[in-house]
Amino acid sequence: MTIATPLLSVADLAVTVPGPSGPWTAVAGIDLALARGETLGLIGESGSGKTLTGLALLGLLPSGARVTARRLTFDGQDLRGGEPVLAPLRGRRLGMIVQDPVGAFNPAKRIGWHMRAVLRRRGDRRPDAAACWLSAVGVRAAERVLAAYPHQLSGGMLQRVLIAMVGALEPDLIVADEPTTNLDAVVARQILDLIREQQNRTGCAVLFVTHDLAAARHLCDRVAVMVAGTIVEIGPASAVLEAPRHPYTRGLIATVRSLAARDPILVEMVGEPGRRETGGCPFLSRCPHADPLCRSDPPGLSALRPDHFLRCHHPDV
Amino acid sequence: MTAAFLRLSGPTLRHAGGVVLVGLLGALCIFAALRLGPGDPALTALGEGATPASVAAYRARWGLDQPWPVQFAAWLLPALHGDFGTSIAVASGIPVSRLIAERLPVTAFVGAYALVLATATALVAGAVAARWRGRWPDSLATTLAVLGVAMPDFWVAYLLIGSLAFGLGLFPSFGYVPPSVSLTGALSSATLPALAIAAPMAASFTRILRAALLEESLSEHVRVARALGHPGGFVFLHHVLRNALIPFVTVVGLQVRYLLGGTVVIERIFGLPGLGALMVDAAFARDYPLVQACALVFLIGVLAANLATDGLCALLDPRRS
């Protein structure tokens, strides 16, 4: 990749998680780089390992999961050192926004308690600090929200509060794990705009994990497409989403377009999202163009252009 | 504070109405169970060789010749004002309320002592087991908990007497000193009975707290708290332990009835002049008014504990309002 001294640099990241029949590698061969202020979309269907990848970067995987990487550096620090390295970074330089804002708050504590705990950590002891940070994310009745328990607020409101808390910490990298999936379209757009505002204010990088292609196009500079635990295509958002090259990306975009256009015959992708297969292409079982080479040799990530990479033996089919 | 009180009072008051109903039904059950059970107070008091005339005189004297509904009303209506009649066998002629007033504080003291011991032990052992899950402190706490659950309280009682009373001479094995006479003496004399009652309870509390802590530690708000940079101790205290207390308190509240059941046996073993021991004596003597009153007091104790548990849970969990 062409970015000079990236903020985050990942080479050959793999995540092994415990499964019913022993540990299995859910994510493998992830190569990523993220510059300051940049937004990288991590696109893929459920089970493709995009959330695990995001959690691995923060060291927040469930217990039993193991992370390995050839390189895993954040601003020069080797994150492979685990908790001793990651714990001081979290909440200071690394932040996270989650898919389920309702579950993100302790149901037994008021919003004000959550805000104050974060602001104390940041050293902000102004009496109106919490209200200030809430108004920055467009919450008007700040006092009412601060006095409420999480179950008394909507998902969109809670997501704003979470963004306010993460924003107050001013991290350099935010992992946003499907932050709009549980919200309706209007609120989702507002939340995306808030994330962008946050980015404009602090110049932070965002790893935007999503399966929403429109949201990715709206927010991201670059996108990476994941299939079965590995990245199959990565490049500028405009190139990948408007002129996709990988059969999976093409299928995904054709399906979305056919849904949007209300085509009488839905363009569907065949097959089910599956596990990583040993040997061969990760998209093998679902690819219309698979041949013996795809079966025997896993394709490497090769450059189509200096900034657009593809993991496919047949880029021109 | 006002808000907390309102939150507490709404569902609790509604619940209180139910409690009164359950109490009345319970009183009916107690009354009926005694009369449906085997044995006759007159024959028990006068002996098998009593003449029909003396039996009839005894029955007439204590109102046992009246129809059941009349007997029930004659018992319950004064009982609502605290008058439980007089003992007819165990302490013939002495007001039941006086006997209970003498005995109840002993049971309440030992029971509360046991509950404090069990809860405190479980809080420490459960938290240690969950914090070091899968490591030796967890194995130790879990093994002890399995042992504690498997051991009946009367067996623990003899084990404690053998070791701590006769072996080391740390605590008396028999008798009771009221706290009004000497607080240290009371604590010393109640330690072994309280331990015997507390051991099985502490074991099951520990298992429940450990499971609740482990479940809570998997929740999303714990992950988010860590992502926000809160230190491990803060997350454990305010996110994991705080929320695991809700199921824990519920279970502790439900266990109070086993605690009261435990006192019946344990008071006999340790020679405590408590309500449990009194009730056993009264049951053997077919002393209807006394058994009824003791059972009713136990019932009220259980209902009060449930009510208190509900109130505590409503305070701990704002979603329950």
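Values below: every heavy atom of this structure, side chains too, minus hydrogens, waters and symmetry copies. Each chain gets a letter, A, B and so on, in the order the sequences are listed, and its residues count up from 1.
Interface residue L162(A): only side-chain heavy atoms are found under 4.5 Å from chain B. For R223(B), the parts lying under 4.5 angstrom from a heavy atom of chain A are both the backbone and the side chain. In this structure, no portion of L89(A) lies under 4.5 Å from any heavy atom of chain B. With a 4.5 Å cut-off on non-hydrogen atoms, A87(A) does not touch chain B at all.
Surrounding CZ of R201(A) are more than 12 heavy atoms belonging to other residues, nucleotides or ligands, all under 6.0 Å away. Other residues, nucleotides and ligands place more than 12 heavy atoms under 6.0 Å from the CZ atom of R126(A). Summarising the local packing, CZ of R196(A) is surrounded by more than 12 heavy atoms from other residues, nucleotides or ligands at distances under 6.0 Å.
Across P318(B) and P107(A), no two heavy atoms sit closer than the pair CG-O, 3.2 Å. Taking all atoms of both residues into account, the shortest heavy-atom contact from L60(A) to A227(B) is CD1-CB, 3.5 Å. Listed here is the closest heavy atom pair of R226(B) and G59(A): NH2-O, 4.0 Å.
In this pair, F234(B) and W113(A) present their aromatic rings parallel. The plane angle is below 30°, not in the 30 to 60° band.
Atoms CG and CZ, on N106(A) and R242(B) in that order, are 7.0 Å from each other to the nearest 0.5 Å. In this structure, CG in L228(B) is found 5.0 Å from CE in M165(A), a value given to the nearest 0.5 Å.
Ranked by heavy-atom pairs under 4.5 Å with chain A, the first of R133(B), E220(B), E216(B), H230(B) is H230(B). Ranked by heavy-atom pairs shorter than 4.5 Å toward chain B, the options G95(A), P88(A), G91(A) are led by G91(A).
Annotation: side chain of H221(B) is not in contact with side chain of K109(A) (no heavy-atom distance under 4.5 Å).
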